[in-house]
Amino acid sequence: MSKRTQLRQARRLVVKIGSALLTNDGRGLDVAALGLWVDQIAELVSDGVEVVIVSSGSVAEGMSRLGWTVRPEQLHELQAAAAVGQMGLVQTWEAQFKRHDIHTAQILLTHDDLSDRKRYLNARSTLRALLDFGVVPIVNENDTVVTDEIRFGDNDTLGALVANLIEADGLIILTDQLGLFDKDPRKNPDAKMVDERRASDSELDAMAAGGAGALGRGGMQTKVRAARLAARSGAFTVIVGGRIEKAISRLRDGESIGTLLLPEQGRIAARKQWLASHLQTRGKLTLDQGAVNVLCRGGRSLLPVGVKSVSGQFRRGEMVSCVDETGKEIARGLVNYDADEARAIAGRSSDRITEVLGYISDEEMVHRDNMVIV
Ligand SMILES: Nc1ncnc2c1ncn2[C@@H]1O[C@H](COP(=O)(O)OP(=O)(O)O)[C@@H](O)[C@H]1O
Ligand SMILES: N[C@@H](CCC(=O)OP(=O)(O)O)C(=O)O
């Protein structure tokens, strides 16, 4: 069987886990299963991979804690169940990660948070800061405050939006089936699993039309849609059975389990296009003529030595505009240093960064993979 390279090379991943899996088909939080996923994610983290978890299950866990056997119809009852269940969810994630000395953080998001530019950038900065600190963020929808119209409604979409938000390399969706089948395997025992496709492949829609399980929200339809959303920022998606033994570690080893859905363009091309259209610039780097020439020829990173001056207040990871000495914009990109640090190292060679700042995170001011020439 051929090995897949995508997971092996990934440096930043979103792992989304559905309700049925997390709550043992509604019987209450499956602490043992959750512990096994945590062991595998901890391994990724110690390998230097940044991981954000999108955890469903608050409603299902709340129902189980409140002794409800039927999912309520009323929004306020669903919200009450979610508020009760979310406690159990985050406590369990925290306790399991504590065994590996890894901190977790709770992030509850609404659709509004991600469609409002300022809040979007705030959420992005917070998640990036947490990842920088080695924390594993546990994300869910903020069920208490959302109303019907603005609900993501399913965490597959939320997972994809988080993948866009943090520019993840990939989204892993753990679910209760082995992967995406050519028809719903619950109703069609002869259904065959799809190994690999482009996320944009229109044949996927008919395959995924079968609806959700009793506890999940979206079924495969929302997973396919999520893969398309994630592909916009260049991320691949794997839909895989969360009950498969060591599923996450085996994916990391390049094993072909589950269904891999790939972005249309190369990851870097898609990601650059997405960066150009989605992020506002927070500051400006004025480049000397040498750096302008190098960037215009393409394919090269911007080093601190080519930066003459820095304006604006920005944080590492934010978008800055790169201009020539007449003020003409040459490129845009995600900067590797905060504004004050960028000012301190501007005009200096990269081997002096440690001497000036006391540490070095990157040799480049802006890496070529994170830069769009305009
Ligand atoms: N083509 C398909 N391949 C696999 N599962 C499918 C397909 N079509 C529909 N399904 C249903 O989707 C369910 C998984 O989605 P969902 O219940 O939303 O789970 P989750 O909680 O993991 O998001 C499966 O249990 C299955 O019944
Ligand atoms: N915020 C809700 C999300 C529900 C949901 O999307 O479930 P699923 O389809 O199983 O991922 C919860 O935690 O119950």
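First listed ligand is number 1; within each ligand, the first listed atom is number 1.
- Residue contacts with ligand 1: Ser56 is excluded, as none of its non-hydrogen atoms falls under 4.0 Å.
- The shortest N or O to N or O distance between Ser55 and ligand 2 is not under 3.5 Å.
- With hydrogens and angles ignored, the 3.5 Å screen pairs no side-chain donor or acceptor of Arg225 with any backbone N or O of Thr157.
- Atoms of ligand 1 lying under 4.0 Å from at least one heavy atom of Lys16, given by number and element, are 23 (O).
- Within the listing of ligand 1, atoms 14 (C), 19 (O), 20 (P), 22 (O) sit less than 4.0 angstrom from a heavy atom of Thr175.
- Not a single heavy atom of Lys187 sits less than 4.0 Å from an atom of ligand 1.
- Among the atoms of Glu141, none of the N or O lies under 3.5 angstrom from an N or O of ligand 2.
- Neither Val307 nor Leu303 shares a network with the other; the hydrophobic side chains, linked directly or stepwise wherever heavy atoms of I, L, V, M, F, W or Y lie under 4.5 Å apart, form separate groups for each.
- Between Lys3 and Glu255 no salt bridge is recorded (no basic side-chain N to carboxylate O distance below 4.0 Å).
- Numbered from 1 in the order shown, with element, the atoms of ligand 2 that lie under 4.0 Å from a heavy atom of Gly18 read 10 (O), 11 (O).
- Side-chain atoms of Trp37 do not come within 3.5 Å of backbone N or O of Ile17 as any donor-acceptor pair.
- Side chain of Arg252 to main chain of Ala247: no donor-acceptor pair is present (N/O by atom type, distance under 3.5 Å, no hydrogens or angles).
- Looking at ligand 2, you'll find an N or O of Val59 within less than 3.5 Å of one of its N or O atoms.
- In terms of N/O distances under 3.5 Å, ligand 1 is approached by Gly219.
- For ligand 2, the atoms closer than 4.0 angstrom to any heavy atom of Lys16 are 8 (P), 11 (O).
- Using a 4.0 Å cut-off between heavy atoms, Lys183 contacts ligand 1 through its backbone alone, with no side-chain atom that close.
- Ligand-side atoms of ligand 1 in range of Gly18: 20 (P), 21 (O), 22 (O), range being under 4.0 angstrom from any heavy atom.
- Heavy-atom distances between Ala82 and ligand 2 stay at or above 4.0 Å for every pair.
- On a distance-only criterion, Asp176 and ligand 1 share at least one N/O pair closer than 3.5 Å.
- Under a 4.0 angstrom heavy-atom cut-off, Gly179 registers as being in contact with ligand 1.
- Geometrically, ligand 1 and Met207 share a nitrogen or oxygen pair separated by less than 3.5 Å.
- Judged by the shortest distance from any of its heavy atoms, Leu21 lies outside the 4.0 Å radius around the atoms of ligand 1.
- At distances below 3.5 Å, not a single donor-acceptor pair connects side-chain atoms of Asp176 with backbone N or O atoms of Ala20.
- Ligand 1 has no nitrogen or oxygen under 3.5 angstrom from a nitrogen or oxygen of Asp156.
- Checking Ile173, Asn155, Asp143 against atom 1 (N) of ligand 2, the nearest heavy atom belongs to Asp143.
- The closest approach between a heavy atom of Met193 and any atom of ligand 1 is not below 4.0 Å.
- Salt-bridge annotation for Asp205 and Arg228: present, with a side-chain N of the basic residue lying under 4.0 Å from a carboxylate O of the acidic one.
- Put simply, the side chain of Lys223 reaches to within 4.5 Å of the side chain of Thr175, judged on heavy atoms.
- Under the 3.5 Å distance criterion, the side-chain polar atoms of Asp324 are matched with a main-chain donor or acceptor of Gly327.
- Using modelled atom types, no side-chain atom of Asp182 and backbone atom of Met207 make a donor-acceptor pair closer than 3.5 Å.
- Here the shortest heavy-atom pairing between Val59 and Ala82 reads CG2-CB, 3.9 Å.
- Checking only distances, Pro185 never comes within under 3.5 Å of ligand 1, N or O to N or O.
- Distances below 4.0 Å separate heavy atoms of Asn140 from the following atoms of ligand 2: 1 (N), 2 (C), 12 (C), 13 (O).
- Annotation: side chain of Phe314 is not in contact with side chain of Asp338 (no heavy-atom distance under 4.5 Å).
- In terms of modelled atom types and a separation under 3.5 Å, the side chain of Arg124 and the main chain of Gly317 share a donor-acceptor contact.
- Near Ser19, with a cut-off below 4.0 Å to any heavy atom, the atoms of ligand 1 are 21 (O).
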Evaluation steps, side chain to side chain donor-acceptor pair (under 3.5 Å), between Asn140 and Gln86: CA-CA 9 Å; Asn140 197 355; Gln86 185 65 23; 3.1 Å; yes
